[in-house]
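Notes follow the structure.
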Amino acid sequence: MNELYEFDKNYKKVIIGVDEAGRGPLAGPVVAAAVIIDNYCEEFDLINDSKKLSEKKREKLFDIIIEKCKVGVGIGTVEEIDKLNILNANFLAMRRALEDLGEEGFVLVDGNQLIREYENNQEFVIKGDSKSLSIAAASIIAKVTRDRLMVEYDKVLPGYDFASNKGYGTKKHIEGLKELGPSPIHRRTFIKKYI
């Protein structure tokens with residue numbers, strides 16, 4: 001059995017893993033996911049921190065997690081990021097993911113901070129996406145969901161290469177930003193030095 005799953009089982013309670021994707025990009029929302037793994041299956045052996053997996057593997061695991069687990073997703077919009085700051089928008093997305101999940105459990109959140117304004121039992125796990133199976137699963141759901149959103153944005157907002165860079169500050173993205181100016185999904189507080 002997967003050592004990441006053993007980590008979760010040690011709590012001897014229903015574990016909800018929470019993680020986010022998209023804190024650093026110049027454009028697009030921040031996306032959080034909350035996952036409960038009810039029954040372990042062999043396919044979960046492939047689950048790991050989303051950053052350590054290829055896009056193809058993430059896509060495959062995304063479908064498995066959606067099919068076999070309880071999943072909630074929450075989004076912090078670009079407007080909320082600019083108004084509240086990225087950290088608070090991130091916590092908002094996490095609370096929304098937990099609300100979307102609609103289940104009770106002990107929350108394990110990736111990182112070094114507890115979710116602000118969340119009253120239920122929780123614990124932060126530093127590098128949780130490489131220790132906890134439910135957090136790793138949440139990292140995959142958040143990353144794939146956000147990546148797919150950015151690919152869709154690229155179709156309606158060409159010129160920034162969102163399909164490739166997913167909103168991160170690549171050379172091509174910065175060139176597009178300087179040439180075209182900000183799009184509706186650019187984080188105004190993040191792009192001040194470029195425009």
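Because only heavy atoms are used, hydrogens play no part in the values below, and waters and symmetry mates are left out as well, while side chains stay in.
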When rounded to the nearest 0.5 angstrom, what is the spacing between [atom1] in [X] and [atom2] in [Y]?
X: Glu3; Y: Asp45; atom1: CD; atom2: CG; answer: 10.5 Å
X: Lys127; Y: Ser132; atom1: NZ; atom2: OG; answer: 15.5 Å
X: Lys83; Y: Thr77; atom1: NZ; atom2: OG1; answer: 9.5 Å
X: Glu55; Y: Lys60; atom1: CD; atom2: NZ; answer: 15.5 Å
X: Leu133; Y: Phe7; atom1: CG; atom2: CZ; answer: 11.5 Å

Report yes or no: do Val71 and Met94 belong to one cluster of Ile/Leu/Val/Met/Phe/Trp/Tyr joined by side chain heavy-atom distances under 4.5 Å?
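No: no chain of side-chain contacts under 4.5 Å links Val71 to Met94.
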Polar side chain donor-acceptor pair, Glu123 to Tyr11, under 3.5 angstrom
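Short answer, yes.
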If you measure only the distance, is there a donor-acceptor pair under 3.5 Å linking the side chains of His186 and Ser183?
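A pair is found: one side chain offers a donor N or O, the other an acceptor, under 3.5 Å apart.
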Member of Phe190, Phe162, Tyr168 meeting the ring-ring contact (aromatic ring centres under 6.0 Å, His included) criterion with His173
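Only one of Phe190, Phe162, Tyr168 forms a ring-ring contact (aromatic ring centres under 6.0 Å, His included) with His173, namely Phe162.
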For a 4.5 angstrom cut-off between non-hydrogen side-chain atoms, does [X] reach [Y]?
X: Ile135; Y: Val18; result: no
X: Pro182; Y: Ile195; result: yes
X: Leu46; Y: Leu53; result: no
X: Arg116; Y: Leu87; result: yes
X: Glu6; Y: Asn2; result: no
X: Pro25; Y: Met150; result: no

So Ile141 and Phe62, side chain to side chain contact (heavy atoms under 4.5 Å, CB included) or not? Walk me through it.
CA-CA 6 Å; Ile141 296 296; Phe62 177 93; 3.6 Å; yes
Any donor-acceptor pair under 3.5 Å linking the side chain of [X] with the backbone of [Y]?
X: Tyr194; Y: Leu26; answer: no
X: Asn90; Y: Ile86; answer: no
X: Asp82; Y: Arg188; answer: yes
X: Asp19; Y: Ala136; answer: no
X: Arg96; Y: Ala33; answer: no
X: Lys166; Y: Ala163; answer: yes

I'd like to know whether Thr145 forms a side chain to side chain contact (heavy atoms under 4.5 Å, CB included) with Asp147, so could you lay out the CA-CA distance, the side-chain angles of the two residues, the decisive distance to 0.1 Å, and finally the verdict.
CA-CA 6 Å; Thr145 300; Asp147 283 358; over 6 Å; no
Tell me, please, which residues at least two apart from Leu101 pass side-chain contact (heavy atoms from CB on, under 4.5 Å).
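Here the qualifying residues are Ile16, Ala34, Ile36, Lys70, Glu103.
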Using a 6.0 Å cut-off, check whether atom CG of Asn39 has over 12 heavy atoms from anything other than its own residue.
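No.
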Let's go through Lys68 and Glu43 carefully: what are the C-alpha distance in whole Å and the side-chain angles of both, what is the deciding distance for salt bridge (charged side-chain N to carboxylate O under 4.0 Å, His left out) to 0.1 Å, and is it a yes or a no?
CA-CA 10 Å; Lys68 298 184 183 288; Glu43 291 159 302; 3.7 Å; yes
Looking at Glu175 and Lys171, does any basic side-chain N land under 4.0 Å from a carboxylate oxygen?
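Here Glu175 pairs with Lys171 in a salt bridge, since their nearest N and O are under 4.0 Å apart.
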Please lay out, stage by stage, how Glu59 and Lys143 fare under the test salt bridge (charged side-chain N to carboxylate O under 4.0 Å, His left out).
CA-CA 10 Å; Glu59 289 281 347; Lys143 172 84 174 130; over 6 Å; no
Give me the ring orientation class for Tyr40 and Phe44: parallel if the planes are under 30° apart, tilted from 30 to 60°, perpendicular past 60°.
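Tyr40 vs Phe44 ring planes: perpendicular.
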Ignoring hydrogens and angles, write down the donor-acceptor pairs under 3.5 Å from the side chains of residues 104-115, residues two or more places apart or on other chains.
{"unit_1": "Glu104", "atom_1": "OE1", "unit_2": "Asn120", "atom_2": "ND2", "d": "3.4"}
{"unit_1": "Asp110", "atom_1": "OD1", "unit_2": "Gly128", "atom_2": "N", "d": "2.7"}
{"unit_1": "Asp110", "atom_1": "OD1", "unit_2": "Asp129", "atom_2": "N", "d": "3.3"}

I would like to know whether Ile75 and Val30 meet side chain to side chain contact (heavy atoms under 4.5 Å, CB included); could you show each step before the answer?
CA-CA 6 Å; Ile75 287 176; Val30 61; over 6 Å; no
